[in-house]
K.L.:
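Dropping the structure in here first, questions after.
Every chain is numbered from 1, with letters handed out A, B, ... down the list of sequences. Every value quoted in this text rests on a predicted model; they were computed, and no experiment measured them.
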Amino acid sequence: MKQNNFYITTPIYYPSGQPHMGHAYSSILADVFARFMRINNCKVYFLTGTDEHGLKIQKSAEKVGLDPLIYCDKISKVFRELTKKLNLSNDDFIRTTEKRHYKSVNDLWNRLIKSGDIYLSKYKGWYSVSDEAYYNDDEIIEKDGKKITTFSGSSVEWVEEESFFFKLSSWEKKLLEFYARNEKFILPVSRRNEVINFVKNGLKDLSVSRTSFTWGIKVPKNHKHVIYVWLDALTNYLSALNYPNTKDILFKSFWPASVHIIGKDILRFHAIYWPAFLLAANIKPPNRVFGHGWILSGDEKMSKSKGNILNPQQIIDTYGIDQLRYYLMKEVSHGSDGNISLKSLERCINSDLANNYGNLCQRIFSFIKNNCNNKVKKTNKVSNSDKEIIKKTRELTNNLRNEMNNQNLNNYIKAVINISFLTNKYINDEEPWKLKKNNVEKMNNILHLALEQIAKISILFNPIIPKATTKVLDALNVKNNSRNLSFLDRKNVLAEKIKIKDLNILFKKIT
RNA sequence: GGCGGGGUAGCUCAGUUGGUUAGAGCACAGGACUCAUAAGCCUGGGGUCGGCGGUUCGAAUCCGCCCCCCGCUACCA
């Protein structure tokens, strides 16, 4: 990994159902960080994709009478299309059914065999056919002469299955050392504690192959076995960089990954298994795993039976993608679960986007169009209130890079919207409409400063609401190579003399 | 059960080396203005900071007990 390079990933999605709000959230969150790092002058590689192996997919394909791969082509496409609808800026979209991925998984497997971390043995336990799951002794009771699991009540049978194992147990200490050395490997901190706790309670070796189904990557030299889902799926992060060719420019530039964005439900796989596999294979683990919370609807996890599903596609069609992106990023607080509802979505769009940022742009652009023929020129006279707003804006933006380096998007958004408050107040206080007749110079200075503020806000909001902010920056004639964070280092975005274009309403108010 | 996080205004949350009248945004009410999407600005109402007890000159903040919510407690992912 080169300095100033940034590799960020979403989970690869298991396409056994339609994309839901949780997928949308993970993807948008990752996209926001990717876009931010780009305007922060980093070279970014942003990856998403689909995880297409396993029993569920095999069965679903059988049900509709399709070859699993053809079936996957179809459903993976749905997720690929979603990246467009969500306006993701991903550089690649990987599927675990691709050749490059097979090559990569095979290589990782062979490395682990070679290092002695994978061995062949037998997996034994109580298996429930209907649950497709194994249970521990303490989860089993006898009822009417039958063994059943207390977990779901379904009947279980004793099964012994040949399986390859990964020597996870021998990585316990090394993992704990790794977490200690890399304090921010797992964020937020609460999740880090969970993981450390789990590891401290002891790790058992992990079964990493299955013989009960065939839809997957076959174990090299033993085709009876299919490679366990996580050893398969996680490796996608390497495959996309052309691993096993570690001399490849992509791999050299972007590994280890800067951050894997994931939901808290798959934290263990990313924070324990994944670094263990990699350490065993003598590959550097990623720099960070960020586990976000779930999207809830009315305090409940969204589910079909509860009828409280908010479908991302519908929301986008009704309200727009920038609106959905902004709402999700604002409403869900750092790392914890977030409740969403149409009501709060509409409130959020109206207050932040329409009334605040949108209207700020509108009032300034309209005024300049009607009174200045779209031309503004500033002089070097700086009033006390100018100094004041510049100073306050600087205070608000001081820590923004740091907030984003810790995935703390809430503080970021709060700071930026506060710049919008400041600017609205500035205009109210300065009353440029009163200066039309007798002080055009001062009026110009005020308007120019307002535009400068709008430019800064628009650049800072660009990762979150790219469409709307691009319209504004276009209307301001800000060059592409100026749409970055260099103004944080006390530079101005706009020239002293500027000509702007007309700007249409950015966000319609919802009534 | 064990370990961890949390309970602050109607809603979402900020706020600990303990210290003046506990904060923000949204929502609500009133006011002055008019460039603007009846937007923006100003002012205001509203909180026994989960409960009880303790330490202290002083506690949302420290200690003890209790109540409630959430997460983790491995091979579905």
K.L.:
Is A:Leu267 touching bases, backbone alone, or none of the nucleic acid, heavy atoms closer than 4.0 Å?
P.N.:
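Answer is nothing: A:Leu267 stays at 4.0 Å or more from every strand.
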K.L.:
Hey, is NZ on A:Lys122 packed in by over 12 heavy atoms from elsewhere, all under 6.0 Å?
P.N.:
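For A:Lys122, atom NZ is not crowded (no more than 12 foreign heavy atoms under 6.0 Å).
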K.L.:
Consider the side chain of A:Ser351, meaning its heavy atoms from C-beta on, and name the nucleotide among B:A74, B:U37, B:A27 that approaches it most closely.
P.N.:
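My answer, after comparing the listed nucleotides, is B:A27.
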K.L.:
Name the closest nucleotide to the A:Arg191 side chain, picking from B:A74, B:G71, B:C26.
P.N.:
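Out of B:A74, B:G71, B:C26, the nucleotide with an atom closest to A:Arg191's side chain is B:G71.
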K.L.:
Base, sugar-phosphate or nothing for A:Asp205? Non-hydrogen atoms, less than 4.0 Å.
P.N.:
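The residue A:Asp205 makes base contact.
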K.L.:
A:Asn411 CG to B:C13 P: how many Å, rounded?
P.N.:
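It is 13 Å, rounded to the nearest whole Å.
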K.L.:
For the pair made of NZ in A:Lys343 and P in B:U12, what is the distance, rounded to whole Å?
P.N.:
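Going from A:Lys343 (NZ) to B:U12 (P), I get 13 Å.
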K.L.:
Describe the nucleic acid contact of A:Phe198 in one word from base, sugar-phosphate, nothing, applying a heavy-atom distance below 4.0 Å.
P.N.:
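Base: the residue A:Phe198, judged by heavy atoms under 4.0 Å, touches a nucleobase.
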K.L.:
Please compare A:Phe507 and A:Asn424 by the position of their nearest nucleotide in RNA chain B and report the one closer to 5'.
P.N.:
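Its nearest nucleotide being more 5', the pick is A:Phe507.
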K.L.:
I need the CG-P distance between A:Asp265 and B:A74, as an integer number of Å.
P.N.:
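Spelled out: CG on A:Asp265 to P on B:A74 is 16 Å.
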K.L.:
Counting just side-chain N and O atoms, does A:Lys425 come under 4.0 Å of either OP1 or OP2 of B:C42?
P.N.:
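Checking A:Lys425 against B:C42: at least one side-chain N or O falls below 4.0 Å of OP1 or OP2.
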K.L.:
Please confirm whether the backbone N or O of A:Phe165 pairs with a side-chain atom of A:Asp205, one donor and one acceptor, at under 3.5 Å?
P.N.:
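Judged by distance alone, no pair lies under 3.5 Å.
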K.L.:
Atom pairs, N/O to N/O, protein against nucleotides 1-8 of chain B, distance under 3.5 Å?
P.N.:
{"residue": "B:C3", "atom": "O2'", "partner": "A:Asn197", "partner atom": "ND2", "Å": "2.8"}

K.L.:
Categorize A:Val229 for me: base, sugar-phosphate, or nothing, with a 4.0 angstrom heavy-atom threshold over every strand shown.
P.N.:
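Sugar-phosphate, backbone atoms only, no base.
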K.L.:
Take the protein atom CD1 of A:Ile12 and the nucleotide atom C1' of B:A77, then report the distance between them rounded to whole Å.
P.N.:
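From A:Ile12 CD1 to B:A77 C1': 12 Å.
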K.L.:
Side chain of A:Lys414 only, heavy atoms from C-beta on: which candidate in B:C13, B:C75, B:G71 is closest?
P.N.:
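Among B:C13, B:C75, B:G71, the one nearest the side chain of A:Lys414 is B:C13.
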K.L.:
Are more than 12 heavy atoms, taken from residues, nucleotides or ligands other than A:Lys499, located less than 6.0 Å from that residue's NZ atom?
P.N.:
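It does: A:Lys499 NZ has more than 12 such atoms within range.
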K.L.:
Looking at A:Phe213, A:Phe164, A:Tyr123, which hits ring pair (Phe, Tyr, Trp, His ring centres under 6.0 Å) with A:His225?
P.N.:
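Testing A:His225 for a ring pair (Phe, Tyr, Trp, His ring centres under 6.0 Å) against A:Phe213, A:Phe164, A:Tyr123 leaves exactly one candidate, A:Phe164.
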K.L.:
Tell me: CG of A:Leu409 to C1' of B:U12, nearest whole Å?
P.N.:
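Atom-to-atom, A:Leu409 to B:U12, this comes out as 15 Å.
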K.L.:
Among B:A39, B:C75, B:C26, find the nucleotide with the atom closest to the side chain of A:Arg210.
P.N.:
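So the nucleotide nearest the side chain must be B:C75.
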K.L.:
Taking the side chain of A:Ala354 as heavy atoms from C-beta outward, which of B:A74, B:U37, B:A77 is closest to it?
P.N.:
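Minimum distance to the A:Ala354 side chain belongs to B:U37.
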K.L.:
Using a heavy-atom cut-off of 4.0 Å across all strands, would you classify A:Gly202 as base, sugar-phosphate, or nothing?
P.N.:
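Since a base atom lies under 4.0 Å of A:Gly202, the category is base.
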K.L.:
Distances under 3.5 Å only, N/O to N/O: pair up the protein atoms with those of nucleotides 31-35 of chain B.
P.N.:
{"residue": "B:C35", "atom": "O2'", "partner": "A:Arg363", "partner atom": "O", "Å": "3.2"}
{"residue": "B:C35", "atom": "O2", "partner": "A:Arg363", "partner atom": "NE", "Å": "3.1"}
{"residue": "B:C35", "atom": "N3", "partner": "A:Arg363", "partner atom": "NE", "Å": "3.4"}
{"residue": "B:C35", "atom": "N3", "partner": "A:Arg363", "partner atom": "NH2", "Å": "2.6"}
{"residue": "B:C35", "atom": "N4", "partner": "A:Arg363", "partner atom": "NH2", "Å": "3.2"}

K.L.:
Do the side-chain N or O atoms of A:Lys330 get closer than 4.0 angstrom to the phosphate oxygens (OP1, OP2) of B:U12?
P.N.:
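No, A:Lys330 has no side-chain N/O under 4.0 Å of OP1/OP2 on B:U12.
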K.L.:
Using purine N1 to pyrimidine N3 plus N6-O4 or O6-N4 for Watson-Crick, or N1-O2 and O6-N3 for G-U wobble, both under 3.5 Å, which nucleotide pairs with B:C72?
P.N.:
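Pairing partner, where one exists within any strand: B:G2.
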K.L.:
Looking for any heavy atom pair under 4.0 Å, which part of the strands does A:Ile417 touch: base, sugar-phosphate only, or nothing?
P.N.:
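Answer is nothing: A:Ile417 stays at 4.0 Å or more from every strand.
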K.L.:
Which part of the nucleic acid, if any, lies within contact of A:Phe365, taking any heavy atom under 4.0 Å across all strands shown: a base, the sugar-phosphate backbone alone, or nothing?
P.N.:
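Nothing: the residue A:Phe365, judged by heavy atoms under 4.0 Å, touches no strand.
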